[in-house]
Amino acid sequence: MERSHAGWKQAHIVAAMGVSRRCVKRWLDRYATEGDAGLQDRSSRPHRSPRRTARFTRRRDRGEYRAHRPAPEAASSTAVRRSPSVACR
């Protein structure tokens with residue numbers, strides 16, 4: 001904020017700090033409305049997730065997936081055997 005108060009243009013602040021114009025504008029706007037508190041770190045987590053899958057649905061789906069997963073022996077018996085030279089292709 002010192003550079004802004006000293007009369008620097010936003011483009012010059014961007015160049016000096018190595019951040020985007022959008023970031024500098026956001027900082028200046030937050031400082032103007034909230035003061036020093038507006039410059040504190042914030043969580044990037046959304047305030048709400050309206051299309052989030054319900055918790056009971058996720059649990060049910062995970063249980064069904066685990067119930068139908070083939071046993072390790074069955075998976076290894078159906079796997080295609082390849083020579084080491086072509087295994088990474």
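Quick caveat, the model's predicted, so the values are computed rather than measured. Scope of the values below: all heavy atoms of this structure, side chains included, with no hydrogens, waters or symmetry mates. For the single chain, residues carry numbers from 1 onward in sequence order.
We find the CH2-CG distance between W27 and L39 to be 8.5 Å, quoted to the nearest 0.5 Å. The OG atom of S4 lies 7.5 Å from the CD atom of Q10; values are rounded to the nearest 0.5 Å. Interatomic distance, R42 CZ to R30 CZ, rounded to the nearest 0.5 Å: 4.0 Å. Distance check, rounded to the nearest 0.5 Å: CZ of R3 to NE2 of H12 gives 12.5 Å.
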